[in-house]
Amino acid sequence: MGNGNGLLISATFLDEISHDIPHQNWGRKEWNQDFQHMKKMGINTVVLIRCGYQKFLTYPSPYLIQTKRCFKPPFDLVQLFLELSDTHGMDFYFGTYDSGEYWKTGDMSREIEVNIQVITEVFKTYGHHKSFKGWYLSLELSRKTKGAIQAIAKLGKHCKAVSDGLPVLISPWIDGKKAVMASENAITKDNTVSVDEHFQEWNEIFKGIQGAVDIVAFQDGHVDYDELEKYLDVNKKLADAYGMQSWTNIESFDTDMPIKFLPIKFEKLLLKM
């Protein structure tokens with residue numbers, strides 16, 4: 001979005017439970033300062049990137065602690081983030097749980113059952129907050145991801161059913177040459193998707209998730225900077241065709257470096273924006 005004088009960035013992830021990005025190890029004081037800074041620069045929406053990964057959690061989920069033997073966190077970050085969002089007048093989107101199994105098996109359908117329970121539990125516990133304004137399905141998908149359309153559609157519809165229709169966000173990746181796992185030594189790959197293939201495959205995905213997802217924010221770090229605009233153009237056309245909003249996930253880490261993932265050079269970030 002632009003305001004005539006520059007690019008307006010109005011939303012950001014809260015990346016506290018992460019695969020590969022270092023933790024802040026912040027308490028209430030530091031998070032409150034961060035929310036103040038974000039609000040001052042025009043951010044009005046914060047998205048919890050995931051409520052848990054494998055055994056580590058952002059909130060003391062009775063379901064996940066009992067059934068997945070997850071660790072009880074030292075304090076409730078979801079409660080903290082919602083209180084800060086309430087105080088600073090921000091919209092909070094809750095990010096779902098990632099068991100870690102999907103990254104090993106490539107099968108997203110196994111994430112459905114656990115997240116159905118998490119979504120129900122979370123809205124019952126935290127849904128009364130005025131800042132609880134939406135959901136983020138943290139299961140990242142791309143082309144030909146096994147079980148992805150079924151999983152995203154089912155979970156998105158369940159989010160809406162328990163919360164009286166609150167919006168649902170996803171953030172997929174473009175299967176470009178930089179789309180390699182963080183655990184791999186390589187930083188690029190040879191087998192990549194063309195713009196035409198991207199359109200055809202994502203047309204099928206959009207069709208399958210229509211009615212379950214409201215906002216699609218593609219990650220922008222997996223194709224070359226001079227190719228990105230073509231893919232973003234396709235994404236916007238597809239989102240418009242299926243009645244969804246098109247956001248862009250401007251990633252602030254570098255995918256060109258052999259060490260994953262260092263903060264990005266600002267010149268590169270500016271090119272993407």
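Numbers here are sequence positions counted from 1.
Between the side chains of Ser99 and Gln54, no donor-acceptor pair is found at a separation under 3.5 Å. Residues Ser171 and Asn249 bring a donor and an acceptor atom of their side chains to less than 3.5 Å of each other. Asp15 and His23 share no donor-acceptor pair across their side chains, judged by distance under 3.5 Å alone. Tyr59 and Glu121 form a side-chain donor-acceptor contact under 3.5 Å, judged by distance and modelled atom types alone. Using modelled atom types, one finds no donor on one side chain facing an acceptor on the other under 3.5 Å when comparing Ser194 with Asp196.
Atom CD of Glu113 is surrounded by 12 or fewer heavy atoms from other residues, nucleotides or ligands within 6.0 Å. Other residues, nucleotides and ligands place more than 12 heavy atoms under 6.0 Å from the CG atom of Asp226. Counting heavy atoms of neighbouring residues, nucleotides and ligands inside a 6.0 Å radius, atom CD of Gln33 exceeds 12 of them. Atom CD of Glu204 is surrounded by 12 or fewer heavy atoms from other residues, nucleotides or ligands within 6.0 Å.
Of the possible donor and acceptor atoms, none in the side chain of Asn115 sits under 3.5 Å from a partner among the backbone N and O of Val118. At distances below 3.5 Å, at least one donor-acceptor pair connects side-chain atoms of Lys39 with backbone N or O atoms of His88. Asp86 places a side-chain N or O within donor-acceptor distance of the main-chain N or O of Ser131, the cut-off being under 3.5 Å. Glu83 contributes no side-chain N or O that, together with a main-chain N or O of Leu80, makes up a donor-acceptor pair within less than 3.5 Å. Without hydrogens or angle criteria, Tyr102 side chain to Glu140 main chain gives a donor-acceptor distance under 3.5 Å. Of the possible polar contacts, none joining the Asp233 side chain to the Glu229 backbone as a donor-acceptor pair under 3.5 Å is found.
No side-chain heavy atom of His129 sits less than 4.5 Å from a side-chain heavy atom of Phe92. Contact check for Lys272 versus Ile264: side-chain heavy atoms found under the 4.5 Å cut-off. Residues Tyr242 and Val213 have side chains not in contact (no heavy-atom distance under 4.5 Å, counting atoms from C-beta outward). The shortest side-chain heavy-atom distance between Leu141 and Ile205 falls under the 4.5 Å cut-off. In this structure, the side chains of Ile170 and Phe218 stay at 4.5 Å or more apart for every pair of heavy atoms. You'll find the side chain of Cys70 reaches within 4.5 Å of the side chain of Tyr97, heavy atoms only. Side chains of Lys72 and Leu57 form no contact here, defined as non-hydrogen atoms less than 4.5 Å apart. Between Val122 and Val78 there is no side-chain heavy-atom pair separated by less than 4.5 Å.
Here the closest heavy-atom approach between residue Met90 and residue Ile43 is recorded as CE-O, 3.6 Å. Heavy-atom minimum distance, Ala239 versus Phe206: CA-CE2, 3.7 Å. The two residues Ile112 and Leu155 have their closest heavy-atom pair at O-CD2, 3.7 Å. When all heavy atoms of Ala217 and Leu169 are compared, the closest pair comes out as CB-CD1, 3.9 Å. Between Gly156 and Val168, the closest heavy-atom pair is O-CG2, 3.8 Å. Between Ile149 and Ile209, the closest heavy-atom pair is O-CG2, 4.2 Å.
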For side-chain contact (heavy atoms from CB on, under 4.5 Å), just list the numbers for Lys55 and Ile65, CA-CA rounded to whole Å, side-chain angles, deciding distance to a tenth of an Å, and then say yes or no. CA-CA 8 Å; Lys55 291 191 175 185; Ile65 291 169; over 6 Å; no
Before giving the answer on side-chain contact (heavy atoms from CB on, under 4.5 Å), spell out for Tyr93 and Thr45 the whole-Å C-alpha distance, their side-chain angles and the decisive distance to 0.1 Å. CA-CA 8 Å; Tyr93 280 55; Thr45 302; 3.8 Å; yes
May I have the step-by-step check of side-chain contact (heavy atoms from CB on, under 4.5 Å) for Phe13 and Val46, ending in yes or no? CA-CA 6 Å; Phe13 282 111; Val46 289; over 6 Å; no
Under the side chain to side chain donor-acceptor pair (under 3.5 Å) criterion, do Gln150 and Ser109 qualify, and how do the steps go? CA-CA 7 Å; Gln150 177 195 13; Ser109 61; 5.2 Å; no
Run the side-chain contact (heavy atoms from CB on, under 4.5 Å) test on Leu77 and Phe75 for me, step by step, so that the C-alpha distance in whole Å, both residues' side-chain angles and the decisive distance to 0.1 Å come before the verdict. CA-CA 6 Å; Leu77 272 173; Phe75 63 97; 3.6 Å; yes
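A centroid separation of less than 6.0 Å is found between the aromatic rings of His198 and Tyr231. Close placement of the Phe71 and Phe56 rings is indicated, their centers lying within 6.0 Å of each other.
Considering Ile215, Val216, Asn235 in turn, Ile215 is the only one that fulfils the side chain to side chain contact (heavy atoms under 4.5 Å, CB included) rule with Trp247.
The structure places CD of Glu227 at 11.5 Å from CG of Leu232, a figure rounded to the nearest 0.5 Å. For the atom pair CG of Leu238 and NZ of Lys207, the computed distance is 11.0 Å after rounding to the nearest 0.5 Å. Interatomic distance, NZ of Lys154 versus CD1 of Ile152, reported as 13.0 Å (0.5 Å rounding). Note: Glu101 CD to Lys68 NZ = 7.5 Å, rounded to the nearest 0.5 Å. Rounding to the nearest 0.5 Å places CG of Leu14 at 5.5 Å from CE of Met38. In this structure, His158 NE2 and Gln117 CD are separated by 7.5 Å, a value rounded to the nearest 0.5 Å.
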Can you list, pair by pair, the side-chain donor-acceptor contacts under 3.5 Å of residues 132-139, counting residues two or more places apart and other chains?
from, atom 1, to, atom 2, distance (Å)
Lys133, NZ, Asp91, OD1, 3.4
Trp135, NE1, Cys159, O, 3.4
Trp135, NE1, Ser163, OG, 3.0
Ser138, OG, Thr96, O, 2.9
Ser138, OG, Thr96, OG1, 3.3

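For the ring pair (Phe, Tyr, Trp, His ring centres under 6.0 Å) test, residues two or more places apart in sequence or in another chain that qualify with Phe81 are Trp31.
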